[in-house]
J.: 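Let me give you the structure first, and then I'll get to my questions.
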Amino acid sequence: MQSLDFQAAYRQARAAGARRHRDIAESLGVHEGQLVDAHVGAPDGGLQARRLRADFPALLAELEPIGDVMALTRNPHCVHERTGIYERISCKGPVGLTLGEEIDLRLFYSAWKAGYAVSEGEQHSLQFFDAQGDAVHKIFLRPNSHREAWFACMTRWADESLAAPHWVESMAKPSPGAAANTDLDAFRADWASMRDTHEFFGLLMKHGLTRTQALRAAEPRFAQPLDAHAARAVLQAAAGEGTPIMVFVGNPGCIQIHSGPVQRVVVMGPWLNVLDERFNLHLREDAIAEAWAVRKPTSDGLVSSLELFDTQGELIAQFFGQRKPGKPERCAWRQLIDRLVHEPAWQSDPVGCAA
(Lines give C-alpha, C1' and ligand atoms only; values in the text may rest on other atoms or scores of the structure.)
Protein backbone atom coordinates (compact mmCIF):
# COMPACT_ATOMS: atom_id res chain seq x y z
CA MET A 1 0.00 0.00 0.00
CA GLN A 2 1.40 3.40 -1.01
CA SER A 3 1.55 6.45 1.27
CA LEU A 4 -1.42 8.10 -0.42
CA ASP A 5 -3.48 4.94 0.13
CA PHE A 6 -2.51 4.93 3.83
CA GLN A 7 -3.49 8.58 4.10
CA ALA A 8 -6.90 7.92 2.55
CA ALA A 9 -7.46 4.84 4.71
CA TYR A 10 -6.49 6.82 7.80
CA ARG A 11 -8.94 9.61 6.97
CA GLN A 12 -11.72 7.07 6.46
CA ALA A 13 -10.97 5.41 9.80
CA ARG A 14 -10.98 8.77 11.59
CA ALA A 15 -14.26 9.72 9.93
CA ALA A 16 -15.72 6.43 11.15
CA GLY A 17 -14.78 7.33 14.74
CA ALA A 18 -11.46 5.53 15.25
CA ARG A 19 -9.28 7.47 17.66
CA ARG A 20 -5.98 5.72 18.26
CA HIS A 21 -3.21 5.50 15.68
CA ARG A 22 -2.28 2.06 16.98
CA ASP A 23 -5.80 0.71 16.42
CA ILE A 24 -6.05 2.20 12.92
CA ALA A 25 -2.66 0.77 11.95
CA GLU A 26 -3.68 -2.65 13.22
CA SER A 27 -6.90 -2.51 11.18
CA LEU A 28 -4.75 -1.80 8.10
CA GLY A 29 -2.40 -4.67 8.83
CA VAL A 30 0.65 -2.51 9.55
CA HIS A 31 2.54 -1.22 12.56
CA GLU A 32 1.94 2.27 13.90
CA GLY A 33 5.32 3.61 12.82
CA GLN A 34 4.64 2.68 9.22
CA LEU A 35 1.30 4.50 9.34
CA VAL A 36 2.92 7.64 10.81
CA ASP A 37 5.76 7.59 8.28
CA ALA A 38 3.21 7.38 5.45
CA HIS A 39 2.10 10.89 6.50
CA VAL A 40 5.48 12.54 5.94
CA GLY A 41 4.70 15.30 3.45
CA ALA A 42 0.94 14.85 3.81
CA PRO A 43 -1.19 17.91 2.92
CA ASP A 44 -2.39 20.35 5.55
CA GLY A 45 -5.62 19.63 7.36
CA GLY A 46 -4.97 16.15 8.70
CA LEU A 47 -2.24 13.99 10.18
CA GLN A 48 1.24 15.23 9.28
CA ALA A 49 4.66 13.89 10.20
CA ARG A 50 8.26 15.06 9.89
CA ARG A 51 11.20 12.69 10.28
CA LEU A 52 13.69 13.58 13.02
CA ARG A 53 17.44 13.11 13.20
CA ALA A 54 18.18 10.01 15.23
CA ASP A 55 20.40 11.42 18.01
CA PHE A 56 17.58 10.81 20.45
CA PRO A 57 19.48 11.46 23.73
CA ALA A 58 20.51 14.90 22.47
CA LEU A 59 16.98 15.65 21.33
CA LEU A 60 15.45 14.79 24.72
CA ALA A 61 18.11 16.91 26.43
CA GLU A 62 16.66 19.97 24.67
CA LEU A 63 13.09 19.52 25.96
CA GLU A 64 13.36 21.11 29.41
CA PRO A 65 12.72 24.71 28.20
CA ILE A 66 9.37 23.57 26.78
CA GLY A 67 8.09 23.05 30.32
CA ASP A 68 5.07 20.90 30.99
CA VAL A 69 4.48 18.11 28.47
CA MET A 70 2.76 14.74 28.69
CA ALA A 71 4.98 11.63 28.51
CA LEU A 72 3.33 8.42 27.29
CA THR A 73 4.77 4.92 27.40
CA ARG A 74 2.77 1.81 26.65
CA ASN A 75 2.87 -1.88 25.92
CA PRO A 76 0.07 -3.93 24.34
CA HIS A 77 -1.98 -4.01 27.56
CA CYS A 78 -1.18 -0.87 29.55
CA VAL A 79 -0.74 2.86 28.91
CA HIS A 80 1.13 5.16 31.35
CA GLU A 81 0.71 8.93 30.95
CA ARG A 82 2.54 11.45 33.14
CA THR A 83 2.61 15.24 32.87
CA GLY A 84 5.77 17.06 33.88
CA ILE A 85 9.09 18.49 32.72
CA TYR A 86 11.95 16.61 31.06
CA GLU A 87 14.81 17.41 33.42
CA ARG A 88 17.89 15.75 34.94
CA ILE A 89 18.49 13.90 31.68
CA SER A 90 21.59 11.76 31.27
CA CYS A 91 22.88 9.04 28.98
CA LYS A 92 25.57 6.38 29.31
CA GLY A 93 26.05 4.38 26.15
CA PRO A 94 22.67 3.12 24.93
CA VAL A 95 20.93 3.69 28.29
CA GLY A 96 19.41 7.00 29.33
CA LEU A 97 17.73 8.40 32.42
CA THR A 98 15.21 11.16 32.94
CA LEU A 99 14.93 11.86 36.66
CA GLY A 100 12.58 14.80 36.88
CA GLU A 101 10.21 15.34 39.75
CA GLU A 102 7.38 13.95 37.64
CA ILE A 103 8.88 12.58 34.40
CA ASP A 104 10.88 9.52 35.51
CA LEU A 105 12.13 7.30 32.66
CA ARG A 106 14.59 4.51 31.92
CA LEU A 107 15.46 4.76 28.22
CA PHE A 108 16.98 1.93 26.16
CA TYR A 109 18.01 3.71 22.98
CA SER A 110 19.25 0.57 21.22
CA ALA A 111 15.56 -0.22 20.64
CA TRP A 112 14.78 3.23 19.15
CA LYS A 113 14.69 3.18 15.35
CA ALA A 114 12.84 6.31 14.16
CA GLY A 115 11.39 9.53 15.51
CA TYR A 116 8.77 11.95 14.19
CA ALA A 117 7.29 15.33 14.92
CA VAL A 118 3.57 14.64 14.47
CA SER A 119 0.73 17.16 14.14
CA GLU A 120 -3.00 16.72 13.77
CA GLY A 121 -5.15 19.77 14.31
CA GLU A 122 -4.14 21.30 17.62
CA GLN A 123 -2.41 18.14 18.85
CA HIS A 124 1.39 18.10 18.52
CA SER A 125 3.67 15.28 19.61
CA LEU A 126 7.03 13.59 19.31
CA GLN A 127 6.71 9.89 18.57
CA PHE A 128 9.47 7.28 18.67
CA PHE A 129 9.33 3.76 17.27
CA ASP A 130 11.37 0.57 17.29
CA ALA A 131 12.53 -1.35 14.23
CA GLN A 132 9.17 -3.11 13.91
CA GLY A 133 7.27 0.17 14.03
CA ASP A 134 5.92 -0.26 17.55
CA ALA A 135 5.82 2.91 19.66
CA VAL A 136 8.42 3.01 22.44
CA HIS A 137 7.68 6.53 23.73
CA LYS A 138 5.60 9.62 22.91
CA ILE A 139 5.67 13.22 24.14
CA PHE A 140 2.65 15.53 23.78
CA LEU A 141 2.46 19.30 23.85
CA ARG A 142 0.13 20.59 26.60
CA PRO A 143 -1.92 23.82 26.68
CA ASN A 144 0.53 25.40 29.14
CA SER A 145 3.66 24.25 27.29
CA HIS A 146 6.08 26.82 25.89
CA ARG A 147 4.93 26.54 22.28
CA GLU A 148 7.67 28.69 20.76
CA ALA A 149 10.34 26.49 22.35
CA TRP A 150 8.52 23.37 21.10
CA PHE A 151 8.33 24.47 17.47
CA ALA A 152 11.89 25.83 17.53
CA CYS A 153 13.04 22.41 18.74
CA MET A 154 11.08 20.66 15.98
CA THR A 155 12.65 22.92 13.38
CA ARG A 156 16.15 22.13 14.64
CA TRP A 157 15.58 18.37 14.63
CA ALA A 158 13.41 17.76 11.56
CA ASP A 159 15.34 16.72 8.46
CA GLU A 160 13.49 16.59 5.15
CA SER A 161 16.37 14.69 3.52
CA LEU A 162 15.94 11.61 5.71
CA ALA A 163 14.70 8.50 3.91
CA ALA A 164 11.88 6.33 5.20
CA PRO A 165 13.06 3.72 7.71
CA HIS A 166 13.44 0.11 6.73
CA TRP A 167 10.93 -1.61 8.96
CA VAL A 168 11.51 -5.24 9.89
CA GLU A 169 9.00 -7.97 10.62
CA SER A 170 8.24 -8.74 14.23
CA MET A 171 10.26 -11.73 15.32
CA ALA A 172 8.49 -14.53 17.14
CA LYS A 173 9.92 -14.89 20.61
CA PRO A 174 11.36 -18.30 21.37
CA SER A 175 9.38 -20.38 23.80
CA PRO A 176 11.10 -20.43 27.18
CA GLY A 177 12.66 -23.66 28.27
CA ALA A 178 11.17 -25.70 31.04
CA ALA A 179 13.92 -24.62 33.47
CA ALA A 180 14.22 -28.28 34.43
CA ASN A 181 18.01 -28.03 34.65
CA THR A 182 18.03 -25.04 36.97
CA ASP A 183 19.69 -25.62 40.32
CA LEU A 184 16.74 -24.47 42.41
CA ASP A 185 18.65 -24.51 45.68
CA ALA A 186 21.31 -22.21 44.20
CA PHE A 187 18.67 -19.97 42.65
CA ARG A 188 16.78 -19.65 45.93
CA ALA A 189 19.98 -18.95 47.83
CA ASP A 190 20.89 -16.20 45.37
CA TRP A 191 17.42 -14.66 45.70
CA ALA A 192 17.69 -14.69 49.51
CA SER A 193 21.09 -12.97 49.34
CA MET A 194 20.04 -10.08 47.06
CA ARG A 195 20.93 -6.63 48.36
CA ASP A 196 19.26 -4.52 45.66
CA THR A 197 16.13 -5.00 43.55
CA HIS A 198 18.17 -4.25 40.41
CA GLU A 199 20.06 -7.51 40.94
CA PHE A 200 16.97 -9.47 39.94
CA PHE A 201 17.59 -9.24 36.18
CA GLY A 202 21.10 -10.61 36.64
CA LEU A 203 19.66 -13.40 38.75
CA LEU A 204 17.37 -14.40 35.89
CA MET A 205 20.25 -14.36 33.41
CA LYS A 206 22.52 -16.39 35.69
CA HIS A 207 19.95 -19.15 36.18
CA GLY A 208 18.37 -19.06 32.72
CA LEU A 209 14.87 -18.25 33.94
CA THR A 210 12.06 -16.05 32.71
CA ARG A 211 10.36 -13.83 35.25
CA THR A 212 7.35 -16.09 35.65
CA GLN A 213 9.54 -19.21 35.88
CA ALA A 214 11.52 -17.50 38.62
CA LEU A 215 8.38 -16.59 40.55
CA ARG A 216 7.06 -20.14 40.36
CA ALA A 217 10.42 -21.49 41.52
CA ALA A 218 10.89 -18.99 44.36
CA GLU A 219 10.36 -19.73 48.01
CA PRO A 220 6.79 -18.89 49.10
CA ARG A 221 8.13 -16.20 51.43
CA PHE A 222 9.31 -14.31 48.34
CA ALA A 223 6.58 -14.94 45.73
CA GLN A 224 2.90 -15.78 45.93
CA PRO A 225 0.29 -15.93 43.10
CA LEU A 226 -2.67 -13.58 43.43
CA ASP A 227 -6.08 -13.08 41.91
CA ALA A 228 -6.01 -11.43 38.47
CA HIS A 229 -7.93 -8.44 39.90
CA ALA A 230 -5.21 -7.71 42.46
CA ALA A 231 -4.28 -4.48 40.64
CA ARG A 232 -7.79 -3.15 41.12
CA ALA A 233 -7.64 -3.93 44.84
CA VAL A 234 -4.21 -2.30 45.16
CA LEU A 235 -5.15 0.90 43.34
CA GLN A 236 -8.47 1.28 45.15
CA ALA A 237 -6.85 0.67 48.54
CA ALA A 238 -3.94 3.02 47.82
CA ALA A 239 -6.39 5.73 46.75
CA GLY A 240 -8.69 5.18 49.72
CA GLU A 241 -5.90 5.04 52.30
CA GLY A 242 -3.68 7.74 50.78
CA THR A 243 -0.72 5.37 50.38
CA PRO A 244 1.75 6.75 47.81
CA ILE A 245 2.89 4.18 45.28
CA MET A 246 5.17 3.68 42.30
CA VAL A 247 3.77 2.39 38.99
CA PHE A 248 6.18 0.99 36.39
CA VAL A 249 5.03 0.39 32.79
CA GLY A 250 7.43 -0.37 29.99
CA ASN A 251 8.37 -1.90 26.69
CA PRO A 252 11.79 -2.83 25.19
CA GLY A 253 12.64 0.85 24.62
CA CYS A 254 11.37 2.65 27.72
CA ILE A 255 10.17 2.20 31.29
CA GLN A 256 8.03 5.02 32.69
CA ILE A 257 7.48 5.46 36.42
CA HIS A 258 4.86 7.31 38.44
CA SER A 259 5.74 8.06 42.07
CA GLY A 260 3.15 9.49 44.43
CA PRO A 261 -0.49 9.14 45.38
CA VAL A 262 -3.34 8.00 43.17
CA GLN A 263 -6.80 9.41 43.69
CA ARG A 264 -9.43 8.66 41.06
CA VAL A 265 -9.63 4.96 40.18
CA VAL A 266 -12.29 4.16 37.59
CA VAL A 267 -13.28 0.85 35.96
CA MET A 268 -14.63 1.17 32.40
CA GLY A 269 -15.44 -2.20 30.87
CA PRO A 270 -12.18 -4.16 30.63
CA TRP A 271 -10.10 -1.05 31.42
CA LEU A 272 -8.86 -0.26 34.93
CA ASN A 273 -7.97 3.43 34.97
CA VAL A 274 -6.33 6.05 37.14
CA LEU A 275 -7.66 9.42 36.00
CA ASP A 276 -5.74 11.99 38.03
CA GLU A 277 -4.80 15.49 36.92
CA ARG A 278 -1.16 14.72 36.09
CA PHE A 279 -1.13 10.93 36.00
CA ASN A 280 -3.29 8.57 33.96
CA LEU A 281 -3.06 4.80 33.79
CA HIS A 282 -5.10 2.56 31.46
CA LEU A 283 -4.76 -1.16 32.18
CA ARG A 284 -6.59 -4.01 30.39
CA GLU A 285 -7.63 -6.26 33.25
CA ASP A 286 -8.76 -8.97 30.84
CA ALA A 287 -5.16 -9.26 29.56
CA ILE A 288 -3.77 -10.17 32.99
CA ALA A 289 -3.02 -13.88 32.99
CA GLU A 290 -0.93 -13.90 36.20
CA ALA A 291 -0.53 -11.59 39.18
CA TRP A 292 2.14 -12.09 41.82
CA ALA A 293 3.03 -10.60 45.18
CA VAL A 294 6.82 -10.46 45.19
CA ARG A 295 9.38 -9.64 47.87
CA LYS A 296 13.03 -8.95 47.19
CA PRO A 297 15.65 -8.59 49.93
CA THR A 298 17.65 -5.36 49.85
CA SER A 299 20.09 -3.55 52.12
CA ASP A 300 17.07 -1.45 53.17
CA GLY A 301 14.94 -4.47 54.10
CA LEU A 302 12.38 -6.37 52.07
CA VAL A 303 10.81 -4.57 49.10
CA SER A 304 7.31 -5.73 48.14
CA SER A 305 5.68 -5.44 44.73
CA LEU A 306 2.68 -6.49 42.71
CA GLU A 307 3.67 -7.78 39.25
CA LEU A 308 1.29 -8.45 36.34
CA PHE A 309 1.92 -10.72 33.34
CA ASP A 310 0.08 -11.57 30.12
CA THR A 311 -0.52 -15.00 28.58
CA GLN A 312 2.97 -14.94 27.00
CA GLY A 313 4.63 -14.28 30.35
CA GLU A 314 5.42 -10.68 29.35
CA LEU A 315 5.49 -8.11 32.13
CA ILE A 316 2.55 -5.70 31.89
CA ALA A 317 3.10 -3.51 34.96
CA GLN A 318 4.67 -3.41 38.41
CA PHE A 319 3.45 -1.63 41.54
CA PHE A 320 5.66 -0.71 44.52
CA GLY A 321 5.26 1.45 47.56
CA GLN A 322 6.86 4.85 47.05
CA ARG A 323 10.25 5.02 48.70
CA LYS A 324 13.70 6.50 48.23
CA PRO A 325 16.93 4.46 48.09
CA GLY A 326 18.34 4.05 51.57
CA LYS A 327 14.88 4.06 53.13
CA PRO A 328 12.75 1.04 54.12
CA GLU A 329 9.40 0.61 52.43
CA ARG A 330 6.30 1.98 54.11
CA CYS A 331 4.42 -0.31 56.50
CA ALA A 332 1.13 0.82 54.93
CA TRP A 333 2.25 -0.52 51.54
CA ARG A 334 3.54 -3.80 52.99
CA GLN A 335 0.28 -4.32 54.84
CA LEU A 336 -1.67 -3.56 51.66
CA ILE A 337 0.19 -6.32 49.80
CA ASP A 338 -0.19 -8.68 52.79
CA ARG A 339 -3.97 -8.36 52.61
CA LEU A 340 -3.96 -9.75 49.07
CA VAL A 341 -2.18 -12.95 50.05
CA HIS A 342 -4.24 -15.85 51.39
CA GLU A 343 -1.69 -18.68 51.40
CA PRO A 344 -0.45 -19.50 54.92
CA ALA A 345 3.06 -20.09 53.55
CA TRP A 346 3.44 -16.31 53.21
CA GLN A 347 5.30 -15.06 56.26
CA SER A 348 4.98 -11.31 56.57
CA ASP A 349 7.88 -9.50 58.16
CA PRO A 350 6.32 -7.50 61.04
CA VAL A 351 9.36 -5.23 61.33
CA GLY A 352 11.73 -3.49 58.97
CA CYS A 353 9.26 -1.11 57.36
CA ALA A 354 8.72 2.62 57.83
CA ALA A 355 5.65 4.21 59.33
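Predicted, not measured: the structure shown is a model, and the values here were computed from it. Along the sequence shown, residues are numbered consecutively beginning with 1.
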J.: Looking only at the side chains, is there a donor atom on one of Asn251 and Asn75 sitting less than 3.5 Å from an acceptor on the other?
T.: no
J.: Is there a donor-acceptor contact under 3.5 Å linking the side chains of His77 and Arg284?
T.: no
J.: Do Trp150 and Ile139 have side chains that get closer than 4.5 Å, going by heavy atoms?
T.: yes
J.: How about His229 and Asp227: does a side-chain donor come under 3.5 Å of a side-chain acceptor?
T.: no
J.: How many angstroms lie between atom OG1 of Thr182 and atom CG of Asp185, to the nearest 0.5 angstrom?
T.: 11.5 Å
J.: Parallel, tilted or perpendicular, judged at 30° and 60°: which one describes the rings of Trp112 and Phe128?
T.: tilted
J.: Can you give me the closest heavy-atom contact between Val249 and Cys78, atom names plus distance?
T.: CG2-SG, 3.6 Å
J.: Hey, are the side chains of Leu204 and Arg211 touching, using non-hydrogen atoms and a 4.5 Å cut-off?
T.: yes
J.: Check whether the side chains of His124 and Ser119 place a donor and an acceptor atom closer than 3.5 Å, and report yes or no.
T.: yes
J.: Give, for atom CG of Asp134 and atom CD of Gln34, the distance between the pair rounded to the nearest 0.5 Å.
T.: 11.5 Å
J.: Could you check, using the six-membered ring where one of them is a Trp, whether Tyr116 and His39 have ring centers closer than 6.0 angstrom?
T.: no
J.: Verify the distance criterion only: is there a donor paired with an acceptor across the side chains of His31 and Gln132 at less than 3.5 Å?
T.: no
J.: Side chains of Val247 and Leu281: does their closest heavy-atom pair fall under 4.5 Å?
T.: yes
J.: Ignoring hydrogens, what is the shortest heavy-atom contact between His146 and Pro65? Give both atom names and the distance.
T.: CB-O, 3.7 Å
J.: Between Thr243 and Ala332, which heavy-atom pair has the shortest distance, and what is it?
T.: OG1-CB, 3.9 Å
J.: Does His198 reach the main-chain N or O of Phe201 with its side chain, forming a donor-acceptor pair under 3.5 Å?
T.: no
J.: Would you confirm whether Asp276, through its side chain, and Phe279, through its main-chain N or O, come within 3.5 Å as a donor-acceptor pair?
T.: no
J.: Please check: side-chain N/O of Ser145 versus main-chain N/O of Asp68, any donor-acceptor pairing under 3.5 Å?
T.: yes
J.: Going by atom types alone, do Arg295 and Ser304 pair a side-chain donor with an acceptor below 3.5 Å?
T.: yes
J.: Quick check against the 3.5 Å criterion: does Arg334 have a side-chain atom that pairs as donor or acceptor with the backbone of Leu302?
T.: yes
J.: Just wondering, more than 12 heavy atoms not from Gln236 lying within 6.0 Å of its CD?
T.: yes
J.: Got a second to check how far Asp159's CG is from Arg50's CZ, nearest 0.5 Å?
T.: 10.0 Å
J.: When you measure from the side chain of Gln256 to the backbone N and O of Ala71, does any donor-acceptor pair fall under 3.5 Å?
T.: yes
J.: Linking directly or through intermediates, with side-chain heavy atoms under 4.5 Å: list the remaining ILVMFWY members grouped with Met246, chain and number order.
T.: Val95, Phe108, Phe248, Ile255, Ile257, Val303, Phe320
J.: side-chain hydrogen bond (donor to acceptor under 3.5 Å, both in side chains), that's the test. Do Trp333 and Gln322 meet it? Break it down for me.
T.: CA-CA 8 Å; Trp333 170 254; Gln322 184 182 20; over 6 Å; no
J.: Are His137 and Leu105 side-chain neighbours, meaning at least one heavy-atom pair lies under 4.5 Å?
T.: yes
J.: Between the side chains of His80 and Thr73, is a donor N or O closer than 3.5 angstrom to an acceptor N or O?
T.: no
J.: Atom CG of Leu28 and atom CD of Glu26: how far apart are they, to the nearest 0.5 Å?
T.: 10.0 Å
J.: Taking only Lys NZ, Arg NE, NH1 and NH2, and the carboxylate oxygens of Asp or Glu, determine whether Arg74 and Glu32 approach each other closer than 4.0 Å.
T.: no
J.: What's the verdict on side-chain contact (heavy atoms from CB on, under 4.5 Å) for Glu64 and Ile89, showing C-alpha distance, side-chain angles and the deciding distance?
T.: CA-CA 9 Å; Glu64 184 173 353; Ile89 296 173; 6.0 Å; no
J.: Decide yes or no on side-chain contact (heavy atoms from CB on, under 4.5 Å) for Arg82 and Leu72, but give the supporting numbers first.
T.: CA-CA 7 Å; Arg82 192 68 164 91; Leu72 185 153; over 6 Å; no
J.: Kindly indicate, with the supporting measurements, whether the criterion side-chain hydrogen bond (donor to acceptor under 3.5 Å, both in side chains) is fulfilled by Asp190 and His207.
T.: CA-CA 10 Å; Asp190 284 348; His207 294 280; 2.8 Å; yes
J.: To the nearest 0.5 Å, what is the distance between CD on Glu62 and CG on Leu60?
T.: 10.0 Å
J.: May I ask you to say whether Asp300 pairs ionically with Arg323, meaning some side-chain N is under 4.0 Å from a carboxylate O?
T.: yes
J.: Answer whether the closest heavy-atom distance between the side chains of Leu63 and Cys153 falls below 4.5 Å.
T.: yes
J.: Run the side-chain contact (heavy atoms from CB on, under 4.5 Å) test on Leu308 and Phe319 for me, step by step, so that the C-alpha distance in whole Å, both residues' side-chain angles and the decisive distance to 0.1 Å come before the verdict.
T.: CA-CA 9 Å; Leu308 309 177; Phe319 300 82; 3.7 Å; yes
J.: Under 4.5 Å between any side-chain heavy atoms of Ser125 and Lys138, yes or no?
T.: no
J.: Running the 4.5 Å side-chain criterion over Ile, Leu, Val, Met, Phe, Trp and Tyr, what cluster does Leu97 land in, apart from itself?
T.: Leu99
J.: About how many Å separate CG of Leu235 and CG of Leu306, when rounded to the nearest 0.5 Å?
T.: 8.5 Å
J.: Test salt bridge (charged side-chain N to carboxylate O under 4.0 Å, His left out) on Glu219 and Arg188 and set out the steps.
T.: CA-CA 7 Å; Glu219 294 180 62; Arg188 289 166 178 161; over 6 Å; no
J.: Looking just at side-chain N and O atoms, do Glu87 and Thr98 make a donor-acceptor pair shorter than 3.5 Å?
T.: no
J.: Do Phe140 and Val69 have side chains that approach each other closer than 4.5 Å (heavy atoms only, starting at C-beta)?
T.: no
J.: Between Arg278 and Gly84, which heavy-atom pair has the shortest distance, and what is it?
T.: NH2-CA, 3.7 Å
J.: Using modelled atom types only, decide if a donor and an acceptor are shared between the side chain of Asp23 and the backbone of Arg19 within a distance under 3.5 Å.
T.: no
J.: Could you go through Leu226 and Leu340, starting from their C-alpha distance and side-chain angles, then the distance that decides it, and tell me whether this counts as side-chain contact (heavy atoms from CB on, under 4.5 Å)?
T.: CA-CA 7 Å; Leu226 301 175; Leu340 300 175; 4.0 Å; yes
J.: What pairs meet the side-chain hydrogen bond (donor to acceptor under 3.5 Å, both in side chains) rule with one or both residues in residues 262-271, with sequence neighbours excluded?
T.: none
J.: Looking only at the side chains, is there a donor atom on one of Tyr86 and Glu102 sitting less than 3.5 Å from an acceptor on the other?
T.: no
J.: Would you indicate whether Glu241, at its atom CD, is surrounded by more than 12 heavy atoms from other residues, nucleotides or ligands within a distance under 6.0 Å?
T.: yes
J.: Please lay out, stage by stage, how Asp37 and Arg51 fare under the test salt bridge (charged side-chain N to carboxylate O under 4.0 Å, His left out).
T.: CA-CA 8 Å; Asp37 191 82; Arg51 298 185 188 113; 2.8 Å; yes
J.: Taking the six-membered ring of Phe222, is NZ or CZ of Lys296 closer than 6.0 Å to its centre and within 45° of its axis?
T.: no
J.: Please determine if Arg216 and Glu290 form a salt bridge, counting it only when a charged side-chain N lies under 4.0 Å from a carboxylate O.
T.: yes
J.: Are Ile288 and Leu283 side-chain neighbours, meaning at least one heavy-atom pair lies under 4.5 Å?
T.: yes
